[in-house]
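Notes follow the structure.
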Number of protein chains: 2
Amino acid sequence: MTQLEEAKKGRITEAMRQVAEAEGLSAETVRERVAKGRVVIPRNINHPFVARGIGEGLTTKVNANLGTSPSHFDIKEELKKLDAAIHAGADAVMDLSTGGKLDRILKAILRHSTVMVGTVPIYKTVSKVLSENRKVYDMTADEIFDEIEAQAVLGVDFVTVHCGVTRSSLKVLQGCDRVMGIVSRGGSLLAEWSVKNEAENPLYESYDRLLEIARTYDVTLSLGDGLRPGSIFDAEDSAQISEMIILGELAERARHAGVQVMIEGPGHVPLGRIAGDMRLQKRVCGGAPYYVLGPLPTDIGAGYDHITAAIGGAIAAASGADFLCYVTPAEHLTLPGVQEVKEGVIASKIAAHIGDLEKGVASAWERDRKMSEARNRFDWKTMFALSVDPDKAKKMRQASEDKDRDVCTMCGDFCALKTYARAFDEDELL
Amino acid sequence: MTQLEEAKKGRITEAMRQVAEAEGLSAETVRERVAKGRVVIPRNINHPFVARGIGEGLTTKVNANLGTSPSHFDIKEELKKLDAAIHAGADAVMDLSTGGKLDRILKAILRHSTVMVGTVPIYKTVSKVLSENRKVYDMTADEIFDEIEAQAVLGVDFVTVHCGVTRSSLKVLQGCDRVMGIVSRGGSLLAEWSVKNEAENPLYESYDRLLEIARTYDVTLSLGDGLRPGSIFDAEDSAQISEMIILGELAERARHAGVQVMIEGPGHVPLGRIAGDMRLQKRVCGGAPYYVLGPLPTDIGAGYDHITAAIGGAIAAASGADFLCYVTPAEHLTLPGVQEVKEGVIASKIAAHIGDLEKGVASAWERDRKMSEARNRFDWKTMFALSVDPDKAKKMRQASEDKDRDVCTMCGDFCALKTYARAFDEDELL
């Protein structure tokens with residue numbers, strides 16, 4: 001039985017208890033939200049690890065995309081990226097490999113990861129088809145579903161499936177005057193398949209087959225936004241919203257079938273549209289958890305898109321996004337290396353934390369209070385421990401001239417806190 | 001005559017023309033806004049450079065704080081930081097030196113800078129007093145004003161003056177249960193002076209004397225927020241707002257006296273309060289340009305506060321802030337070096353650009369459109385040129401395996417843009 005089926009029957013599982021403990025909530029509260037589909041607990045029955053939840057009233061989670069590309073594949077590097085992501089605080093990783101021995105890489109990541117693991121199974125299917133010198137549109141529906149099932153057997157916790165790239169949403173897309181067309185890899189592959197074969201996307205047409213696999217292994221479906229905007233000019237156009245509406249319908253069918261489901265979101269979105277997009281998704285998709293990439297409020301951030309994504313991600317999380325997919329400084333340029341993975345996770349964790357403050361998460365406020373109190377009493381050890389990257393904070397301080405004094409080298413004897421304390425040292429009242 | 005006096009008389013100056021050209025506005029529009037005090041053009045009559053404006057309807061500007069500290073001073077390093085800041089796109093720099101030969105450093109920065117230069121004159125006054133083994137409260141009002149005048153003669157374009165740290169606002173502060181007290185260096189020094197001497201802050205009491213100096217050299221006053229919150233817990237408390245109201249009154253007096261004036265703002269502010277704070281300042285301060293530090297929507301970002309400030313700064317700019325003071329990764333830890341200065345400026349430029357998109361600045365939208373169009377046609381040269389840091393973007397791409405192909409190593413043959421083009425290659429309609 002899936003977590004959702006258990007929850008609907010009123011049963012509290014061990015996974016729900018683990019989520020409740022991590023979040024400081026009662027297990028019954030978690031169960032209720034899982035039952036309504038407002039919280040998901042992605043954990044394949046074949047993949048043991050301490051469960052974490054995603055959704056309403058929980059802390060904002062962060063995902064790090066790992067994976068090789070056809071021109072860059074090294075399994076050892078992927079495992080280093082996995083370690084870096086988890087050390088920096090990632091709550092989930094996705095193996096998006098498209099180069100090298102895909103099965104071996106996925107198995108290694110599943111074995112080593114202490115957090116939930118997601119994939120985009122269509123990548124593997126297409127890789128196989130291309131390696132046999134066939135075309136994308138030669139791929140069969142059976143090949144698509146067989147690969148999803150194979151990965152479910154291996155223990156994948158959540159899969160991105162671009163079920164909303166349908167004949168109807170593609171037709172809407174054709175009427176949109178987009179700057180960037182389709183920027184989702186999976187979305188573009190299914191669009192090509194559908195157009196060339198003049199047939200409906202199998203992930204939509206045979207959605208029940210997908211639900212059956214997901215239900216059997218309790219794989220959480222992450223309904224992909226294949227038509228997400230790749231430029232701020234394309235944000236919230238009819239194509240994006242048409243797909244979102246389809247995903248809302250599919251989410252309802254998933255919940256009805258006892259399958260856990262979340263929705264993926266944009267992409268490039270102007271800052272002023274981010275909050276509205278979050279509210280629209282929650283409305284249209286029945287409160288399903290929202291998993292957003294970025295969002296990026298500008299297109300010009302290449303080299304620094306971890307920062308543009310942190311800006312968009314903070315606003316998204318503050319407005320209800322539940323799960324942030326990190327973006328690294330390498331976005332739009334190249335595959336990220338270990339350092340970029342680390343920077344991406346940290347930027348995204350900052351955004352998630354700021355979102356949590358706005359969501360009223362008590363532990364987030366407590367952390368800021370403790371940090372400021374430590375700063376006020378020059379307690380550097382506590383400040384390091386509470387900062388987003390204790391190693392870096394400590395290293396920067398240690399490299400300064402004032403490392404052995406209580407003040408820092410920014411102000412030295414001009415320290416405002418010291419002066420303030422001196423001003424009111426005898427509790428002088430005005 | 002100051003720019004404001006000229007504008008009030010209906011005269012368009014060369015500086016207004018330079019601002020108009022840079023912003024793509026008519027010179028008359030610039031003059032009108034300067035006359036109303038909604039735009040300032042900080043440029044000392046003794047400091048020649050191409051003028052830039054700050055305020056309503058103009059692009060969001062970025063300031064980089066330079067300067068030594070008592071335990072770290074090297075004039076060559078300061079000039080390297082100046083170069084790095086200007087190369088990264090800073091529109092202004094402030095010399096906040098408190099260590100080494102302060103006059104020599106300021107003169108060197110004024111001579112080398114191609115952008116406006118600001119200072120906090122009280123630092124120099126206090127440094128002198130301390131070097132004579134006197135106490136902060138031994139400083140005289142004459143010493144404070146003489147130093148401001150000396151810096152005005154040297155050519156400083158704008159000065160931060162903490163005129164709002166008064167007996168009345170300090171009394172309000174004492175009633176506030178702050179986590180962090182006063183975190184402004186200048187603010188804390190004037191508070192100490194006022195409390196120990198049981199006397200009013202000379203910058204408030206003799207404000208007309210300050211106005212006379214500023215008017216003579218056309219120094220723009222930047223009314224400092226000496227009581228700004230240093231923790232998100234202290235944001236928008238009565239002390240902060242009491243000071244803002246005083247600054248609003250002083251701004252009106254400055255405009256009346258023909259002196260250009262802007263207002264400084266917080267500090268640490270929870271994300272959800274940033275937009276409201278921007279609107280409040282504009283209301284209370286008669287539309288005077290708002291110069292904000294950060295804001296930082298969390299206290300835990302040490303080591304990455306350029307990112308937390310970019311998050312707050314983007315929202316601030318989108319909500320009306322005119323001028324962003326950068327924050328570097330070294331904030332709360334140590335004095336920034338050349339690399340941190342660069343990272344700080346770029347993060348702040350990203351925030352300013354995102355703010356400009358929301359402000360509807362046409363050139364900002366044009367840049368994003370050109371970027372996405374270049375990306376869509378794999379025109380890497382144009383993408384590098386339009387990105388926030390062309391050198392870094394190019395370097396990252398050049399280090400990848402696919403540097404000589406049109407695709408990037410993120411996706412390689414899985415490139416969504418290629419697949420999309422293939423899908424609809426014969427203009428197939430659904």
Side-chain angles (χ1 to χ4, degrees), chain A residues 69-72 98 167 170-171 179-185 188-189 191-192 195 231-232 271-272 297-300 302-303 307 310-311 314 318 333-335 347 350 354 358 368 371-372 376 386-389 392-393 396-397 400-402 408-410 412-414 416 419-420 422-423 428 430, chain B residues 69-72 98 167 170-171 179-185 188-189 191-192 195 231-232 271-272 297-300 302-304 307 310-311 314 318 333-335 347 350 354 358 368 371-372 376 386-389 392-393 396-397 400-402 408-410 412-414 416 419-420 423 428 430:
Chain A
S69 85
S71 51
H72 187 99
T98 56
R167 304 290 290 175
L170 285 171
K171 200 163 176 176
V179 176
M180 290 291 285
I182 298 180
V183 298
S184 153
R185 276 182 282 185
S188 67
L189 293 165
E192 182 183 10
V195 172
S231 159
I232 55 171
L271 185 135
T298 176
D299 301 345
I300 65 155
I307 296 181
I311 293 170
L333 293 169
T334 182
L335 202 66
I350 291 171
I354 291 170
E358 289 302 310
D368 276 54
M371 178 60 126
S372 284
N376 203 44
L386 291 169
S387 66
V388 282
D389 180 0
K392 185 180 180 190
M396 289 182 80
R397 158 104 175 138
S400 76
E401 289 84 353
D402 291 306
C408 84
T409 307
M410 172 78 90
D413 292 330
F414 279 69
T419 309
Y420 176 68
R422 215 163 53 217
E428 300 189 47
L430 296 173
Chain B
S69 85
S71 52
H72 188 99
T98 55
R167 304 289 290 174
L170 285 172
K171 200 163 178 179
V179 176
M180 291 290 286
I182 298 180
V183 297
S184 153
R185 277 182 282 186
S188 67
L189 293 165
E192 182 183 10
V195 171
S231 160
I232 55 172
L271 186 134
T298 176
D299 302 345
I300 65 155
Y304 297 85
I307 296 181
I311 293 170
L333 293 168
T334 182
L335 203 67
I350 290 170
I354 290 170
E358 289 301 309
D368 276 53
M371 178 61 127
S372 283
N376 203 44
L386 291 169
S387 65
V388 282
D389 180 359
K392 185 179 179 189
M396 288 182 80
R397 158 106 174 134
S400 77
E401 289 84 352
D402 291 305
C408 84
T409 308
M410 172 78 91
D413 293 329
F414 280 70
T419 309
Y420 176 68
E428 299 190 45
L430 296 174

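Letters go in sequence order (proteins before strands), and every chain restarts at 1.
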- Query: For A318(A), is it the side chain, the backbone, both or neither that has a heavy atom under 4.5 Å from a heavy atom of chain B?
  - Reply: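 A318(A) touches chain B through side-chain heavy atoms alone.
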
- Message: Please classify the contact of L189(A) with chain B as side chain, backbone, both or neither, using a heavy-atom distance under 4.5 Å.
- Response: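 When you check distances to chain B, atoms from both the backbone and side chain of L189(A) fall under 4.5 Å.
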
To the closest 0.5 Å, what do you measure between [atom1] ([X]) and [atom2] ([Y])?
X       : Y       : atom1 : atom2 : result
S69(B)  : D402(A) : OG    : CG    : 6.0 Å
R422(A) : S188(B) : CZ    : OG    : 7.5 Å
S400(A) : L335(B) : OG    : CG    : 9.5 Å
H72(B)  : E401(A) : NE2   : CD    : 5.5 Å
I354(A) : I300(B) : CD1   : CD1   : 8.0 Å

Work out which heavy atom in [X] is nearest to a heavy atom in [Y]; give both atom names and the distance.
X       : Y       : result
S372(B) : M180(A) : O-SD, 3.1 Å
M396(A) : T334(B) : O-CG2, 3.9 Å
I307(A) : A310(B) : CG2-CB, 3.9 Å
P70(A)  : F414(B) : CG-CD1, 4.1 Å
L333(B) : C408(A) : O-CB, 3.2 Å
A302(A) : A393(B) : O-CB, 4.2 Å

- Query: Who pairs with D389(B) by salt bridge (charged side-chain N to carboxylate O under 4.0 Å, His left out), at least two apart in sequence or on another chain?
  - Reply: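 K342(B).
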
Which answer fits [X], side chain, backbone, both or neither, if we ask what part of it has an atom under 4.5 Å from a heavy atom of chain A?
X       : answer
P297(B) : both
M410(B) : both
S184(B) : backbone
L271(B) : both

- Going through the checks in order, is the side-chain contact (heavy atoms from CB on, under 4.5 Å) test met by Y304(B) and K392(A)? CA-CA 9 Å; Y304(B) 297 85; K392(A) 185 180 180 190; 3.4 Å; yes

- Task: Give the member of G412(B), A347(B), S387(B) that has the highest number of heavy-atom pairs under 4.5 Å with chain A.
- Result: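 Between G412(B), A347(B), S387(B), the count favours S387(B).
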
- Task: Flag the one option from T419(A), T98(A), D368(A), I182(A) with the top tally of heavy-atom pairs under 4.5 Å to chain B.
- Result: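 Going by pairs under 4.5 Å, I would pick D368(A).
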
- Based on non-hydrogen pairs under 4.5 Å, which of T298(A), V183(A), I350(A) is most in contact with chain B?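 Among T298(A), V183(A), I350(A), the one with the most close pairs to chain B is T298(A).
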
